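Reading through the structure tokens given below for one structure.
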Protein chains: 4
Amino acid sequence: MKKTENGRPASGPGSDKYERILDAAVAVIAENGYFNSPVSAIAARAGVADGTIYLYFKSKDDVLRTAIDTMFERFHQQVTERFETLTGAREQLEYIAQVHLESHTVNRNLAIVMQTEVRQSARFISEFSLHHLARYISLVREIIRRGQSEGIFRQDVSDGVVAHVLFGAMDELLSSALFTGRVYDAKSTAAQVVDMLLNGITPR
Amino acid sequence: MKKTENGRPASGPGSDKYERILDAAVAVIAENGYFNSPVSAIAARAGVADGTIYLYFKSKDDVLRTAIDTMFERFHQQVTERFETLTGAREQLEYIAQVHLESHTVNRNLAIVMQTEVRQSARFISEFSLHHLARYISLVREIIRRGQSEGIFRQDVSDGVVAHVLFGAMDELLSSALFTGRVYDAKSTAAQVVDMLLNGITPR
Amino acid sequence: MKKTENGRPASGPGSDKYERILDAAVAVIAENGYFNSPVSAIAARAGVADGTIYLYFKSKDDVLRTAIDTMFERFHQQVTERFETLTGAREQLEYIAQVHLESHTVNRNLAIVMQTEVRQSARFISEFSLHHLARYISLVREIIRRGQSEGIFRQDVSDGVVAHVLFGAMDELLSSALFTGRVYDAKSTAAQVVDMLLNGITPR
Amino acid sequence: MKKTENGRPASGPGSDKYERILDAAVAVIAENGYFNSPVSAIAARAGVADGTIYLYFKSKDDVLRTAIDTMFERFHQQVTERFETLTGAREQLEYIAQVHLESHTVNRNLAIVMQTEVRQSARFISEFSLHHLARYISLVREIIRRGQSEGIFRQDVSDGVVAHVLFGAMDELLSSALFTGRVYDAKSTAAQVVDMLLNGITPR
DNA sequence: AATGAATGAGAGTTCATTCAT
DNA sequence: GATGAATGAACTCTCATTCAT
């Protein structure tokens, strides 16, 4: 394979145009939706010719799939890395929630695309995103089970239900922020929700 | 104007073809997604000619919009009717959660369409679904605020956050059931989640 | 054939609906053009059902053809009747010109339809209008030839050219009045143009 | 941007396909009329794919509009250029009339399209052709007024009426030639009509 | 590697006409 | 005679993808 001076492949991940196409696709799709985003619009935003897209990606689908894949991969990597030093169950839940909410700020366009296209993608582009969601859910379930075995969480709740509740709650908060323009502080909101989950909203 | 036996006009809501088209659209879109569902496929499934769709609906968009509108309308009506006799805050939350989860069983195709198309719709077809979501959230917020003023809920949590957490949690549980085939008992799962929300998962 | 009380056929020329459909067609086509005028729009304007049109006419084309035919027929009849008592060549030319210009006022919609659809019709609906135009031209040519044999018109001009010149001139004046809103007095303008044709615009 | 040998851009006016599409459109529309000429028929005649039309023109309308615009533009340019050296009022009128009649020979299909579609276009596609007609009329009116001020034309005739009479006469002669197959010599017919207009058909 | 002109299948929608009532 | 719901062929236009340059 041909290499550039810095040793990276000229046309694989990490090349200039590859990244520009991904960014352009995310931006255009965030604005107009996948099916209202012609390849030509993505190419124009990336500053390349239409045909060039097909040197870097197999198809239009492939561009979107790659963008979403990358996002999930980064999320998972960021979280597992942090977990090497952050080991408390409550702290881990808070951290996951916080990173989830922060995607709003980190890359707003990508966050929008995740909200609007992932479930579609899950069913029509491929089932790849179910896999990613499953991994997120697994992560949380493990924490819950660990907490239960350590006696800091109730034994009579389903780890699966708790995991879905946490994911669903965070995703809806994110979604509502993206679409209504409401802003929040990711860290404190994450803490607030985790507290709710752990302690309930009934006064003691 | 021609009337059917029950006195309703032959076209328009309630007519045979009108309902068949709506059902066909929901089924086809649930299977393939809105943008991968040609009008011709919907017509074929409904057993009518392509052009007939346009006697009952203004456009392809209009078919989907009507289906979703109707679903939300029924949800809201069912809940508010029940609230006339079911007045406890906890019981109301449980009822909303239960109805939400039951949509799985009531009309599975429509539930799938809601999961896959509503957020898309919210942004690209119109803003009508944001309106519907907002009404759901409002309903829950009012219950929370009432509970707070009655002293049965903590004062230090945001009613908005609680409402989004409940909605997100239920929607994610529904979604996961629809896409992974997991089954649950709507009533007991609803109770379990509401209990979690009210009492937390930390042992006392 | 079924007859109405006054002895006219219920659905032939002269029946109420027959006339209403013709009028409606002319009005709608004047407004939107033949190809932008659905049969349903004509039916609505006439206050009948779409299908009813086909009880009175063979096709959409047939409606327009009939309207135009009738107009030409009336023109020809009006002119030939008047010629029984109006016999001078100059006077006859003035009369033809005047009637031509007056169509603006008599039935403005029909005049518009003649201007916009007749040449189209001539080629695409049928060649019937060429026939009508030919009859108009013949009428004028005969007058010219008579004038020439009587020695009141120059012998060295082609009767055909004169006839087309007169028709073209009147039709363009009519057209310009219809489309730009310019108004004129039909009688005096007709006289002015015929004078120009007979005496030229060069001072003596 | 890619350039052809003559330095013009590959697409846009002057490119091979652009001209072929225009010619094909004019030919097909001359034969069948605008509304009976599917884009696919134009594409087939031009030897390109249907979609290719839309690389060169915004819409089907745009193709026709461009063809007509170009024709009018050429007419106007040809006439005004010649007027730099041809200054007599009678000679100018004769020249205009001659060029008008010659369109028959120069591009018969385009002449047919002008006859059949321009008035339609004037009302339904846009008002652009009224503008072109107005320019023609203006040109003639100026000549007439100049002739009047020079004393070679009568003062008591309306320059507007004369202009419309000349235009209408020429257009009708052209039209009749196109649709009946009659042939004439453009130059001598033009001279004959202008003579008629200037001197009348009454013997002195 | 990069281009962008060209393709053509397929989309949503309209509407002249028919026919059961 | 009158209706108008239903049909389905035909329309204009879009766009993912290819390939000669």
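Note that the structure is predicted; figures quoted are calculated from it, not measured. Below, chain A is the first sequence line, B the second, and so on; all start at residue 1. Just the heavy atoms: all of them, side chains too, but no hydrogens, waters or symmetry mates, feed the values below.
- A distance-only check finds no donor-acceptor pair linking the side chain of Lys58(D) to the backbone of Val63(D) [under 3.5 Å].
- Residues Phe179(B) and Gln115(B) have side chains in contact (heavy-atom distance under 4.5 Å, counting atoms from C-beta outward).
- Taking the six-membered ring for Trp and thresholds of 30 and 60 degrees, Phe57(C) and Tyr18(C) have nearly parallel ring planes, at less than 30 degrees apart.
- For Arg65(A) and Glu117(A), the salt-bridge test fails: no basic side-chain N is under 4.0 Å from an acidic carboxylate O.
- In this structure, Asp62(B) places its CG atom 14 Å from P of dG12(E), rounding to the nearest Å.
- In this structure, CG of Leu64(A) is placed 13 Å from P of dA16(F), rounded to the nearest angstrom.
- Within the 4.5 Å cutoff, side-chain heavy atoms of Val39(B) are placed close to those of Tyr54(B).
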**Asked** Once Watson-Crick and G-U wobble pairs under 3.5 Å are found, how is DNA chain E written in dot-bracket notation, 5' to 3', with | for any base paired to another strand?
**Response** .||||||||||||||||||||

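- Atoms OH (Tyr18(A)) and C1' (dA2(E)) sit 18 Å apart, rounded to a whole Å.
- Between the CG atom of Asp16(D) and the P atom of dA5(E) there is a distance of 15 Å, given to the nearest Å.
- Under the side-chain hydrogen bond (donor to acceptor under 3.5 Å, both in side chains) criterion, Arg108(A) pairs with no residue, sequence neighbours left out.
- dA5(E) atom P lies 15 Å from atom CZ of Arg20(D), rounded to whole Å.
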**Prompt:** Tell me, for nucleotides 7-13 of chain F in 5' to 3' order, what letter each nucleotide earns: B for a base near a protein heavy atom under 4.0 Å, S for only sugar-phosphate near one, - for neither?
**Reply:** BB--SSB

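- Proximity of Tyr34(A) to Thr116(A): side-chain heavy atoms (C-beta onward) are nowhere separated by under 4.5 Å.
- Shown are Leu55(D), Leu22(D), Ile53(D), Val48(D); of these, the side chain to side chain contact (heavy atoms under 4.5 Å, CB included) with Lys17(D) is made only by Val48(D).
- One atom, CD1 of Ile53(A), and another, P of dA1(E), lie 15 Å apart when rounded to the nearest Å.
- Using a 4.5 Å heavy-atom threshold, the side chains of Arg45(D) and Ile21(D) count as separate.
- The separation between Tyr56(B) atom OH and dG4(F) atom P is 14 Å, rounded to whole Å.
- Between Phe57(C) atom CZ and dA16(E) atom P there is a gap of 15 Å when expressed in whole angstrom units.
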